[in-house]
Amino acid sequence: MEKFLRCRGYLCTLDLGSFLHSHIPNEEVKWLGKRSHYDAIVIGGGVVGTAVLRTLAKLELSAALLEKETEVGWGVTKANSGIVHSGFHSEPGTWKTKLSVLGNQMFDQLCEDLDVPFKRNGMMLVAATPEEEEIIKHYYNQGLINGVEGMEILDQKALHQLEPNLSPQISMALRAPSGGIVLPFELASAQAENAAANGAHVYTDMEVTDIDYNGSVFIIHTKQGMSFTSEYLINSAGLYADELAKMCNLDIEPIIPRKGEEYLFDLKVGDIVSHTIFPVPTPTSKGILVIPTAEGNIMIGPTALELPYKDDVTTTPQGFEEIFSSTQELVPGLNRRDIITSFAGVRAGSPTGDFIFQLSHDGKGVHLRGIESPGLTAAPAIAEHVLTLLKDAGLEKPAKKDFNPRRPRVVRFNELSDEEKAEVIQKNPLYAHVICRCETVTEGEIVDAIRRGAKTIDGVKFRTRAGMGRCQGGFCTPYVVDILARELGVSPLEITKRGGDSYLLAAEAKALLKGGTLCD
Amino acid sequence: MTKVIETDVAIIGGGPAGLAAAVSARKAGAENVVIIERHHELGGILQQCIHNGFGLHRFREELTGPEYAYRFIPEVWDDPKIDVYLNTMVLDLAKDQSITAVHPSHGLITLRPKATVLAMGCRERTRGALNIPGTRPAGVYTAGAAQRFVNMDGFMPGKKVVILGSGDIGLIMARRFTLEGAEVKAVVEVMPYPAGLTRNIAQCLEDFDIPLYLRSTVTKVHGKDRVEGVTVSQVDDAWQPLPGTEMHIPCDTLLLSVGLLPENELTQMADVPLDSRTQGAVVDQNRQTLIPGIFAAGNVLHVHDLVDYVSEEAEIAGRAAAEYALRDGDTRQEKITVIPGENVSYVLPQRLDPDAETEFYLRVTKPIDRITIELGGVRLAVRRLVRPSEMLKIRLRKDHWEKLKQENGETSLELVLDAKAQPVPSPRAQREGVRQ
């Protein structure tokens with residue numbers, strides 16, 4: 001099989017009524033020289049870009065999203081901590097405050113519509129010294145000004161009643177019950193899926209290399225050879241938003257890449273805390289946290305290391321020691337032996353400290369830069385704000401009458417009751433075939449994830465949890481490779497971990513002995 | 001309505017332990033036996049172990065994994081009183097032994113056995129458990145996953161391989177990859193001695209000139225999409241990397257053979273107490289756990305180095321489970337706790353009926369040239385050239401119990417099992433058969 005046949009650069013239209021394999025992975029899609037026109041194009045498929053796309057899909061217009069990775073949500077979003085902030089951390093009057101407090105309130109409806117796991121577990125900012133107690137009171141007052149509801153200051157006894165596993169040294173806590181946790185990748189992919197179901201187009205493996213403007217439309221060139229034209233352009237390229245802004249001739253300060261490492265614990269320690277635990281913040285970050293994830297794990301991190309480059313996602317012994325020793329001061333019962341995996345991501349640090357909305361081309365280009373924490377929280381409000389900016393620049397389209405805000409429910413087999421399990425198996429026997437034994441993920445769920453757009457091992461893993469448990473894919477990876485190959489109609493040699501050159505397999509057995517080298 | 005299945009003995013897992021337990025339960029008189037297996041065939045991990053070397057102790061022959069499995073499988077299939085449920089995953093095991101499973105055509109099923117044998121086997125430790133720094137590219141596999149790709153699916157995961165850990169599966173895969181035309185650049189082991197069997201060091205590494213680096217570990221993984229290389233560093237006595245000893249090895253694959261962990265999720269659902277040393281259930285000489293009627297055998301109980309002993313242990317559990325089912329309960333008496341003492345990393349069974357004649361399974365903490373095994377001060381046996389990779393079997397006989405009573409009066413409820421190092425008679429015994 002020749003290399004150029006590998007599945008990349010395809011259009012995922014996700015018409016869920018009849019959707020099967022509209023992304024044609026089996027054959028080379030000839031992008032070269034092809035040009036498509038849309039009313040509006042979003043560049044960057046993170047949690048913000050997909051939120052913008054979904055907002056655009058509510059209107060009678062044609063919209064598309066271009067993502068350079070193989071799946072949406074794989075840039076900054078993928079390694080996000082998943083916290084939906086209550087809004088006491090940022091200063092009054094900033095975009096961060098305005099949009100995160102608003103965004104926080106939008107999460108219940110959004111996650112209900114999109115069937116994305118979301119839980120208001122509450123945040124706790126904790127103090128162990130009189131100086132830190134003063135800082136906590138400052139944040140309490142700031143939260144009041146910001147309009148954060150339900151906050152309370154807890155004394156030592158009260159906080160330990162709520163969180164008995166917190167260090168006994170902790171003497172005071174600010175509790176904000178409106179804080180929550182969500183799965184960032186799931187939210188991004190659900191937004192893209194729902195936008196596509198409402199007519200928007202999502203192009204993955206589509207990397208923008210240059211942008212021209214001919215006086216009436218943007219002309220967007222891609223590495224894959226396809227070009228696009230659009231009247232409106234939204235740059236939500238995260239870490240690379242500065243580079244895209246430069247393509248639009250904006251003179252801007254570069255984004256500050258800030259790396260964060262995170263470490264994930266086995267599910268069995270998942271109930272050691274229920275609130276997201278914050279130390280008092282440092283100048284550059286909210287500190288190193290203990291986070292109960294929406295999937296029931298405990299995660300610790302992140303570090304905040306400013307870097308001169310954007311692609312360093314290594315974990316380091318120094319990062320681990322920094323994180324582990326800091327969190328020991330918060331929750332001393334965490335044991336390093338229970339860590340099942342680690343990862344790192346790079347955040348798009350803002351040069352001003354606030355979100356930046358910058359316009360180009362008479363407002364027809366909207367550039368979102370420095371969408372750092374609490375960007376996930378703010379994402380739904382950012383999307384609304386972007387729409388306002390586009391309207392100011394002349395975008396006038398009526399609402400789509402048949403917009404369906406809801407995404408078809410995802411079967412999460414492990415969470416069903418025995419009766420519900422029996423029912424889904426009755427309808428589809430693939431739900432009786434458990435593929436991932438650690439997380440009890442069935443073949444039915446994996447096939448569904450592929451039909452919703454998963455094309456890689458990580459795409460399946462992030463949608464279904466297959467391979468996310470304590471054996472980390474040791475048992476299920478060969479089976480997931482098989483299912484992906486079967487459903488996508490390709491050879492297992494074509495299956496990647498996460499797109500690009502991340503192939504899982506090198507050759508057929510015996511091929512090396514015959515002198516064949518299939519993948520050089 | 002969920003299908004409810006009543007049976008004398010239910011066996012969770014159809015690998016070597018489950019197969020032997022089923023046959024032995026039937027021989028001991030169980031009217032009916034059910035095996036629940038999540039895979040589409042019986043035999044478990046043996047099916048992907050196509051190398052030979054299995055069965056030397058039990059059958060006095062060198063069998064491949066599938067051949068070994070087929071010494072049992074026909075007997076199971078041909079017995080109309082053994083029901084095998086394939087492609088069936090147990091979702092829940094309750095303390096009262098009620099088992100909920102999911103079956104491809106029956107959907108959810110419930111089993112109500114009189115006795116249960118846990119035979120779920122083990123899983124491999126992963127990169128996350130070791131916390132290896134670096135990037136997270138494709139090309140990092142556990143040795144067992146790589147074995148499945150090569151032997152079952154017919155694909156090579158990579159061409160230039162570094163193997164971390166000298167466990168037996170890693171050593172076997174070093175040879176397998178070499179025979180398949182890949183280049184195994186190194187096997188890296190953190191301990192000062194190999195983790196795998198001596199015969200595997202000789203047959204899988206030395207015969208193919210594959211270097212083994214002891215007291216070393218992988219300290220960084222390189223590569224964005226696919227592994228491009230690893231950094232290997234030497235370590236000190238506390239396993240901390242020694243700065244300045246870094247060595248870069250270009251490769252496209254990192255295999256992990258860094259230990260196996262008993263898979264006891266179901267065991268814990270039933271609140272069966274575990275031993276922190278074995279990471280398996282605490283059992284008596286019949287391999288009965290502390291929950292009456294629930295037995296365990298094979299790698300779910302403790303990780304074995306030879307399948308021959310898995311079968312042997314499972315026969316004990318199968319027989320005892322049948323007896324338990326037939327007499328509809330347990331005639332329990334007060335048990336003696338066996339505590340691992342000097343140089344002993346673990347010992348099974350952890351609990352004994354007084355006067356029980358049985359065999360201890362144990363491992364030592366480090367290689368020792370000559371040891372005496374003593375229980376409560378009574379010498380049970382002498383062994384030469386013991387090493388942690390090789391499980392020891394030590395018989396406990398009637399005369400040992402008599403001596404115990406003579407020396408301790410009435411036997412106490414706790415007995416310590418020691419492996420005392422003895423002076424070595426000849427320096428020749430110190431020869432270490434491994435290249436450093």
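Throughout, a chain's letter reflects where its sequence line sits, starting with A, and its residues are numbered from 1. Atoms considered below: every heavy atom in the structure, side chains included; atoms not considered: hydrogens, waters and symmetry mates.
- In terms of non-hydrogen atom pairs under 4.5 Å with chain B, the most contact-rich of A:Lys497, A:Arg498, A:Arg470 is A:Arg470.
- The contact between B:Arg123 and chain A is made by backbone and side chain atoms together, counting heavy-atom distances below 4.5 Å.
- Residue with the most contacts toward chain B among A:Val424, A:Ile340, A:Thr341: A:Ile340 (heavy-atom pairs, distance under 4.5 Å).
- Inspection of the A:Glu262 and A:Ser81 side chains reveals an N or O donor paired with an N or O acceptor under 3.5 Å.
- Contacts of B:His40 with chain A are absent, with no heavy-atom separation under 4.5 Å from either backbone or side chain.
- If you measure heavy-atom distances from B:Glu265 to chain A, the contacts under 4.5 Å come from the side chain alone.
- Per-residue counts of heavy-atom pairs under 4.5 Å with chain A were compared for B:Gly154, B:Ala146, B:Ala145; the largest is that of B:Gly154.
- Put simply, CG on A:Asn335 and CZ on A:Phe265 are 7.5 Å apart, with the number rounded to the nearest 0.5 Å.
- Of the atoms belonging to B:Thr126, it is side-chain heavy atoms, and not backbone ones, that fall under 4.5 Å from chain A.
- Sparse packing is recorded around NZ of B:Lys160, with 12 or fewer heavy atoms of other residues, nucleotides or ligands lying under 6.0 Å away.
- If you measure heavy-atom distances from B:Arg136 to chain A, the contacts under 4.5 Å come from both the backbone and the side chain.
- Contact tally against chain B (heavy-atom pairs below 4.5 Å) for A:Arg437, A:Gln426, A:Lys421, A:Gln472: the top residue is A:Arg437.
- A side-chain donor from one of A:Thr314 and A:Lys259 sits under 3.5 Å from a side-chain acceptor of the other.
- Nearest heavy atoms, B:Met173 versus B:Val150: CE-CG2, 4.2 Å.
- Ranked by heavy-atom pairs shorter than 4.5 Å toward chain A, the options B:Ala138, B:Pro157, B:Gly134 are led by B:Gly134.
- Note: A:Cys471 leads A:Ala422, A:Cys471, A:Gly319, A:Cys438 in heavy-atom pairs under 4.5 Å with chain B.
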Carefully, step by step, assess A:Tyr503 and A:Leu493 under the rule side chain to side chain contact (heavy atoms under 4.5 Å, CB included). CA-CA 7 Å; A:Tyr503 297 104; A:Leu493 289 169; over 6 Å; no
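- Only the backbone of B:Leu179 has a heavy atom closer than 4.5 Å to any heavy atom of chain A.
- With a 4.5 Å cut-off on non-hydrogen atoms, B:Thr88 does not touch chain A at all.
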Can you list the steps and then say if A:Glu261 with A:Ser342 is a side-chain hydrogen bond (donor to acceptor under 3.5 Å, both in side chains)? CA-CA 7 Å; A:Glu261 299 181 25; A:Ser342 58; over 6 Å; no
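- In this structure, B:Lys159 contributes its side chain and A:Ala506 its backbone to no donor-acceptor pair below 3.5 Å.
- Remark: side-chain polar atoms of B:Gln48 are paired, donor with acceptor, to backbone N or O of B:Gly144 under 3.5 angstrom.
- Ranking A:Asp418, A:Asp311, A:Leu264 against chain B, the residue ahead of the rest is A:Asp418, based on heavy-atom pairs under 4.5 Å.
- Looking only at heavy-atom pairs under 4.5 Å with chain A, the residue among B:Val102, B:Val221, B:Asn87 that has the most is B:Val102.
- Side-chain N/O atoms of A:Tyr479 and B:Arg148 include a donor and acceptor closer than 3.5 Å.
- If you measure heavy-atom distances from B:Ile132 to chain A, the contacts under 4.5 Å come from the backbone alone.
- Side-chain atoms of B:Arg125 and B:Thr142 include no donor-acceptor pair closer than 3.5 Å.
- Only the side chain of B:Glu263 comes within contact range of chain A, with at least one heavy atom under 4.5 Å from a heavy atom of that chain.
- With a 4.5 Å cut-off on non-hydrogen atoms, A:Tyr263 touches chain B through its side chain but not through its backbone.
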